[in-house]
Amino acid sequence: MTSTIVNVALNRPLFKEFAYVINKEISDSHIGCRVKVNFANSTMIGVITKVGVKNNSSIKLKEATLIDEQSFITDDVIKMLEFGSNYYQYPLGQCFNVALPKLLREGGAFSYEKIPALQLCCNIDGEILKKIKSDDQKRILDLLKTGPIQRKELRERGFLSSTENALIKKKLVEIINIEKKENEAFSTENILKETPPQANTEQLSAIYTVQKNSDFKVFLINGITGSGKTEVYLRIIEDVLKKGKSVLVLVPEISLTPQTFDRFYRRFNVPVSSVHSALSDRERLDSYIDMATGNSGILIGTRTAVFTPIKNLGLIVIDEEHDSSFKQNDTFRYHARTLAIMRAKINNCPVILGSATPSLETLFNCYKGLYSRIDLKYRAGGASYPDFELIDLTKEPVTEGLNKGLSQTLEDRIGEETAKGDQVLLFLNRRGYAHHLVCHLCGHVFTCPNCDNILTVHKTNHRLQCHICDTIFTAPEKCPVCENTQLFEQGFGTEQVNDYLKDRYPDVGIERIDRDSVTTKNQLEIRLNRVRDGKSLIMLGTQMLAKGHDFPNVTMVAMLDIDSSLFCDDFRAMENTAQLLTQVAGRAGRGTKKGKVIIQTHHIDNELINDLINPQCSYIDIANKLLETRKKLSLPPYSYQAFILCNSSIRNKAFNFLSNLSDKIKTFKDNYSNLVITPVMSDKMEKIQNRFHFHILVTCTDRNELRKFLTQVRNTVEEQTVPNDIRFAIEVDPIAMY
DNA sequence: AGCACGCCGACT
DNA sequence: GTCGGCGTGCTC
């Protein structure tokens, strides 16, 4: 009888794998296969990490049942996860858990089921088209002319399922189930579906620079907004596809809009797959199989897409590489950019980082010569860069508008633009009606009972909401302390500005775009379409509006409250503000009309603001200045940081646990060079959802020393058992401060 | 993380 | 007497 011993990684917070006997002749090629095992009296699914280990413990090994005949997790993904586990101090078994789609995690089969699609069920002639009024219905019929399309794809391209259903009802289209087979490699003939537009010389040179290299190399494409970065990606992707290789495209959650998908679906004949939050578990698995078996040539996805096994991976593109949504802030606290670069290195293929506002980390790596930077300085299609104008709020009269964030000067400008029929975009990064509610008599401020946070006033449904834990309270009639009924709303949010704008410009359509007013993708589409169709001239929104979307007729962009993002104790505040403003400014004047950007501030002399509005001073110039400051203060990227995090529902328990750990750390921290640790401190917001949060910040100039130190910290924690009700985590390379 | 084991308090 | 609270320790 042959019996092989394998190591299995399990979804448990344990930094070791467990040995099992497997009743089958298997080899190293089975690394990555799932097995069913009994672990501590329960049945679990684990992943084989080693084959043919010796049983050097005296325990009688249990038996593992093989689930997969062959591993679908590619070697590069396994190596990337092993790196990630070490680098981010997170157990390998739990890393696998994050990396696998839910259905596979739970033991489901690695195979397709029937995939719902639409196909035409009669000839569509002019007569039929005449009877159809809906543009979307016509567009669907047009797309279906070339063959059936998956319902998932139609959804991604912005069509409503109700539009599809209307066509089904008219018996013009029918639902069919596509039966896909695994391992149907995409054809490298006729890659293109449409002829690409003419690229300009700058774009061509960027394309050429990347194309001539097919080994591991990191490129930063630093292209100003409107310079046609996406076109550059598409050309390079085309070239990779022609070689029969596949491409991974990582994008921030926010940019998964129909336009993004359309760009890829329209351009390539090659199947395109996707990973994003709007997919069902089954659809996620389908995309996973598409890529692992080489059925699709392109995967577009958010940060989790970095874990998808890809047959013949030839290129990774990370669009908007500075975007903070590539960082996961719970469980496996990885940065998708870091893992993607490691994956490309393992896989020996190039990586393209694209951004108009690269992160300081990435720029620093360019200066060190680790990445090569390609600049795109001209706006494709000849659109000119906008003019900047500051409004000095200290010189503005105190009007009703000013209390709602709009100075007299800005109001006049909005009036002028909209009178011409031009569109304006107003940006305010604060949702809700009012910042907080205060008692006029005793000064009591309404706060969240579960968090150390003030409650935001929302007028719709008459409620107060905590933006930390999302708890909603009905707005009170009186002060709970002094019973006074005069309660004042202080500070303004998008909801209030929206109300004011409606009164002030009653004849102009206004679209408010934030998390409260836009709860589904479709709602966002409807609003954006009203803007594109010119039905609405004013857009008011939060972050949601800052990125990705193209509005050719927007001639003016205004930042209502830049001051609040400027004065913040986070050392990244300046970088984030510079990125935000540059991105927002990029929304103006993308069409033929020249755009302007208006910034309201009480701090007219602020250096950063003046740099931002100075046409002689580019984002890179500002970033260079910020890098200088970071260097002087020895802050990242000139040093590496990690947080040791701990929280508990009992305040003392969390504090004592970390203090204890801190004492132990002090006994060995001097074995590591250039390491600085802070005392145990409360988080900025100590209480969140009734749990008390504490941290220790570790800073080190050497990445490797830091890693070794953190491993010892983690081992120290493992020696004792973490008490009940204590949550403990290590966060490496944090981008948010605690 | 789960789950079992074990050692003390407040019940029928 | 016993049910169950959760602190402690282990999982191939």
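Letters A, B, ... mirror the listed sequences (proteins, then strands); counts begin at 1.
- Nucleotides of DNA chain B that come within less than 4.0 Å of any heavy atom of chain A span, from the 5' end to the 3' end, B/dA1 to B/dA4.
- Contacts of A/Tyr672 classified as ring pair (Phe, Tyr, Trp, His ring centres under 6.0 Å), with partners at least two apart in sequence or in another chain: A/Phe709.
- Here the nucleotide nearest the side chain of A/Thr721, chosen from C/dT11, C/dC10, C/dC12, is C/dC10.
- The side chain of A/Lys653 sits closest to C/dG7 out of C/dG7, C/dT11, C/dG9.
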Table please: side-chain donor-acceptor pairs of residues 721-733 of chain A below 3.5 Å, with sequence neighbours left out.
unit_1   : atom_1 : unit_2   : atom_2 : d
A/Asp725 : OD1    : A/Ser649 : OG     : 3.4
A/Asp725 : OD1    : A/Arg691 : NH1    : 3.4
A/Asp725 : OD2    : A/Ser648 : OG     : 3.1
A/Asp725 : OD2    : A/Ser649 : N      : 3.2
A/Asp725 : OD2    : A/Ser649 : OG     : 2.6
A/Glu731 : OE1    : A/Arg333 : NH1    : 2.5
A/Glu731 : OE1    : A/Tyr738 : OH     : 2.9
A/Glu731 : OE2    : A/Lys327 : NZ     : 2.9
A/Asp733 : OD1    : A/Tyr87  : OH     : 3.4
A/Asp733 : OD2    : A/Tyr87  : OH     : 2.5

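- Atom NZ in A/Lys16 sits about 12 Å away from atom C1' in C/dG9, given to the nearest Å.
- In this structure, A/Ile5 reaches neither bases nor backbone, as no heavy-atom distance under 4.0 Å exists between it and the strands shown.
- Taking every heavy atom of residues 32-46 of chain A and every atom of DNA chain C, pairs under 4.0 Å involve A/Asn38, A/Phe39, A/Ala40, by number.
- The CG atom of A/Asn724 sits 11 Å away from the C1' atom of C/dG5 (whole-angstrom rounding).
- Applying the ring pair (Phe, Tyr, Trp, His ring centres under 6.0 Å) rule to A/Tyr334 yields the partners A/Phe307, A/Phe332; only residues at least two apart in sequence or on another chain are considered.
- Among residue pairs with one or both ends in residues 32-47 of chain A, those qualifying as side chain to side chain donor-acceptor pair (under 3.5 Å) are A/Arg34-A/Asp68, A/Asn38-A/Lys62; sequence neighbours excluded.
- The separation between A/Lys60 atom NZ and C/dC12 atom P is 12 Å, rounded to whole Å.
- Among residue pairs with one or both ends in residues 301-316 of chain A, none qualify as salt bridge (Lys or Arg N to Asp or Glu O under 4.0 Å); sequence neighbours excluded.
- Atom SG of A/Cys700 is separated from atom CG of A/Leu706 by 5.5 Å, given to the nearest 0.5 angstrom.
- Atom CG of A/Asn11 and atom C1' of C/dC12 are 16 Å apart (whole Å).
- As rounded to whole Å, 11 Å separates atom P of C/dG7 from atom CD1 of A/Ile726.
- Evaluated for a salt bridge (Lys or Arg N to Asp or Glu O under 4.0 Å) with A/Glu283, the options A/Lys152, A/Arg155, A/Arg151 yield exactly one hit, A/Arg155.
- Protein atom CD1 of A/Ile22 is 13 Å distant from nucleotide atom C1' of C/dC12, rounded to whole Å.
- Judged as a salt bridge (Lys or Arg N to Asp or Glu O under 4.0 Å), the pairs with a partner in residues 646-659 of chain A (not counting sequence neighbours) are, in order, A/Arg651-A/Glu686.
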What donor-acceptor contacts under 3.5 angstrom involve side-chain atoms of residues 93-102 of chain A, with partners at least two apart or in another chain?
unit_1  : atom_1 : unit_2  : atom_2 : d
A/Asn97 : OD1    : A/Asn11 : ND2    : 3.4

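- Atoms CD (A/Glu718) and P (C/dC10) sit 13 Å apart, rounded to a whole Å.
- Remark: C1' of C/dT8 and CG of A/Asp725 are 16 Å apart, rounded to the nearest angstrom.
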